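Below is one structure, written out as structure tokens; the observations come after it.
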Amino acid sequence: MKLKKTIIFGLGMLLSFHLAQSQEGQTTFTLEECINYAWENNLSVRSNQLNQLGNEIALKQSRFALLPSVSANGSVGKSFGRSIDPVSNSFVSQDFTTGGLSASSSVVLYSGGALRNTIKRNELNLEASGLDLEKAKNDIGLQVATNFLNVLLNQEQLQNARYQREATAAQLDRTTKLVQAGSLPITNQLDLESQLASNEVQVVNAENALNLAMLNLKQAMQMPAEVNLQLEAPTLEIESVRLAMSNPSKIYEIALDNQPDVKSAELGIQSSDMDVKISKGAFLPTLSLSGSISTNYSDQARQLTGTQEVVVPAQEIGFVQGTNESVFSNPRTQTVPVFSDSYRFTDQFNDNLGQSVRVNLSIPIFNRYGNTANLQRAEINKQRAEIQAQTVKNTLRQNIESAYNTALAALKSYEASQKRVAALEESFRATEQRYNAGSANFVDYQVANNNLFAARTDLVRAKYEYIFRAKILDFYLGNPITLD
């Protein structure tokens, strides 16, 4: 026992060490690997997989419903006291053992098309569940891609904040030397120290935003927060990302043929139509064929082996009135059955075997409004399915239009921000030179510095906004989610 505890403790320590090493280790994922990881661990995907499995079972069950049903029963028992022997059907006042076997089968010949329509409906539901699974994967892929690009955005924003801090630190170092040499007043140094502190705050804020973006990505992937995740992504340049089409209506027409949620909604209409047909079939007669076979056994049963003649002697049957002289019957012979001492188990089963075949016809006449209510509900559900399908199409069209217009706006913003950054970089360079020469005050320097930082921030944000929307439109065209 002590050795067993020692082994278990050692294995536990080894596992803990391995987990600690895994958590401390660095994990590098591409966008595709992030999406695959999310697919494998997301509960929504697992739930849709179970839904698909359930629909597969429902389809198999509906197909087997066309086959005959078969059941068998067996029993054995012992009776005490006065009871009826089920074999001889006579009262007996003794203990006896009985047994029986039976089997029955039935098959539906016609049910108003309910069985066939149920199979068609379940086939549609199975196909729709596969599309729903694909839709769930697409939604997760888009969510992961959004968070992935948001991490890259915040990484560039952090680089921008650090660049501003380093530039201010370099300027502070130069100014400090000039102040120590007596060339500049101490206020210049103090102003730059204040600016450096502001830049430090910007760096901290950028780091916090990056950490939050990374946490959102891990949560979208269902990855523990303590995992040290690093992203591997190609260098994204806006010039290499182009809109696939210049007309959102064309994109919408193509998306109608490849988006799984649209196909699933269309299958939902067809499935609801099958439900209507099934409900109508309930008004029609049902024809079925059934049969059964049974036999039984009793340990008190005896097998008839033949007959024999028995002489019945004369018996006193009365007396003569007055003389009281006895009157006797005439002797006679009587035929009586002869039974065996035992009745074998197999012989009883063979002799007591019974069969039956029945054709059953059920005609619905009045079922208290049940069939009518079911039909009306099925028709309402079909209308709801049609509304749902149109809602899905409208949402798809609106998403495409929004993504297209947002992409165009982001592209224009990026182009304008490029010009703005170039102008502000030149303005900052000139202001910095004048500040170093003493012809510009710190306020001018600070304004130029902050304007350049804000312009670079807007440039990066517009860049990733355009890339994301362009990738969304590319996805609606049926292409996989990728940064290549």
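Just so we're clear, the structure is a prediction, and the values are computed from it rather than from any experiment.
- Side-chain contact check for Glu33 and Tyr37: no donor-acceptor pair (N or O, by modelled atom type) lies under 3.5 Å.
- Within the 3.5 Å criterion, the main-chain N or O of Trp39 finds no donor-acceptor partner in the side chain of Lys137.
- Thr391 contributes a side-chain N or O that, together with a main-chain N or O of Ile387, makes up a donor-acceptor pair within less than 3.5 Å.
- Thr286 and Ser111 share no side-chain donor-acceptor pair at under 3.5 Å.
- Using modelled atom types, one finds no donor on one side chain facing an acceptor on the other under 3.5 Å when comparing Asn216 with Asn147.
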Verdict with supporting geometry, Thr307 and Thr335, side chain to side chain donor-acceptor pair (under 3.5 Å):
CA-CA 6 Å; Thr307 59; Thr335 302; 5.7 Å; no
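- To the nearest 0.5 angstrom, Thr146 atom OG1 is 5.5 Å from Ile472 atom CD1.
- In this structure, a donor-acceptor pair under 3.5 Å is present between the side chains of Asn228 and Gln230.
- Side-chain contact between Asn160 and Thr457 is present, with heavy atoms from C-beta onward closer than 4.5 Å.
- Shown are Asn374, Asp273, Thr118; of these, the side-chain contact (heavy atoms from CB on, under 4.5 Å) with Ile278 is made only by Thr118.
- With respect to the salt-bridge test (charged N to carboxylate O, under 4.0 angstrom), the residues Arg461 and Glu465 do not qualify.
- Annotation: the span from Ile269 atom CD1 to Arg384 atom CZ amounts to 14.5 Å, rounded to 0.5 Å.
- A donor-acceptor pair is defined here as one N or O able to donate and one able to accept, closer than 3.5 Å; no such pair exists between the side chain of Asp347 and the backbone of Tyr343.
- For the residue pair Arg358/Ser356, the side-chain donor-acceptor check at 3.5 Å is satisfied.
- Taking every heavy atom of both residues into account, Thr295 and Gln348 meet most closely at OG1-O, 3.9 Å.
- In summary, the side chains of Tyr464 and Gln157 do not present any donor paired with an acceptor at a separation below 3.5 Å, with no hydrogens or angles considered.
- A donor-acceptor contact under 3.5 angstrom links the side chains of Ser69 and Ser106, judged on distance only.
- When all heavy atoms of Pro248 and Ile400 are compared, the closest pair comes out as O-CG2, 3.8 Å.
- Using a 4.5 Å heavy-atom cutoff, the side chains of Thr98 and Val76 are not in contact.
- Proximity of a side-chain donor or acceptor of Gln355 to a complementary backbone N or O of Ser292 within less than 3.5 Å is not detected.
- For the pair Met223 and Phe29, the minimum side-chain heavy-atom distance is below 4.5 Å.
- Residues Tyr414 and Tyr466 keep their aromatic ring centres 6.0 Å or farther apart.
- The number of heavy atoms from other shown groups lying within 6.0 Å of CZ (Arg397) is above 12.
- Inspection of the Asn48 and Gln52 side chains reveals no N or O donor paired with an N or O acceptor under 3.5 Å.
- Residues Asn360 and Ser290 have side chains that bring a donor and an acceptor to within less than 3.5 angstrom of each other.
- The CG atom of Leu152 sits 7.0 Å away from the CG atom of Leu483 when rounded to the nearest 0.5 Å.
- Side chain of Asn42 to main chain of Ala38: no donor-acceptor pair is present (N/O by atom type, distance under 3.5 Å, no hydrogens or angles).
- For the pair Lys218 (side chain) and Val227 (backbone), a donor-acceptor distance under 3.5 Å is present.
- Between Val310 and Thr333, the closest side-chain pair of non-hydrogen atoms is not below 4.5 Å.
- Nearest heavy-atom pair across Gly268 and Ala385 is O-CB, 3.8 Å.
- Using a 4.5 Å cut-off on side-chain heavy atoms (C-beta onward), Pro260 and Asp132 make no contact.
- Between the side chains of Asn51 and Ser129, no donor-acceptor pair of N or O atoms lies under 3.5 Å.
- Between the side chains of Asn296 and Asn352, a donor-acceptor pair is found at a separation under 3.5 Å.
- No more than 12 heavy atoms of other residues, nucleotides or ligands shown are found within 6.0 angstrom of CD on Gln61.
- Contact check on Lys382 versus Asp275 returns no salt bridge, with no Lys/Arg side-chain nitrogen under 4.0 Å from an Asp/Glu carboxylate oxygen.
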Apply side-chain contact (heavy atoms from CB on, under 4.5 Å) to residues Leu284 and Tyr110 and explain how you reach the verdict. CA-CA 9 Å; Leu284 301 176; Tyr110 177 75; 3.3 Å; yes
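- Looking at Thr395 and Asn399, their side chains come closer than 4.5 Å, going by heavy atoms from C-beta outward.
- For the residue pair Asp458 and Ser417, no side-chain donor N or O sits within less than 3.5 Å of a side-chain acceptor on the partner.
- To the nearest 0.5 Å, atom CG of residue Leu210 and atom CG of residue Asn150 are 9.0 Å apart.
- Between the Asn479 side chain and the Phe475 main chain, no donor and acceptor come within less than 3.5 Å of each other.
- The backbone N or O of Leu267 lies less than 3.5 Å from no partner atom in the side chain of Ser271, so there is not a single donor-acceptor pair.
- Between the CD1 atom in Ile35 and the CZ atom in Phe148 there is a gap of 9.0 Å [rounded to 0.5 Å].
- A salt bridge is absent between Lys263 and Glu127; no separation between the charged side-chain nitrogens and carboxylate oxygens falls under 4.0 Å.
- Rounding to the nearest 0.5 Å gives a distance of 10.5 Å between CG of Leu133 and CG of Leu50.
- The closest side-chain heavy-atom distance from Leu66 to Ile119 is below 4.5 Å.
- A salt bridge between Glu266 and Lys393 is present, with a side-chain N of the basic residue lying under 4.0 Å from a carboxylate O of the acidic one.
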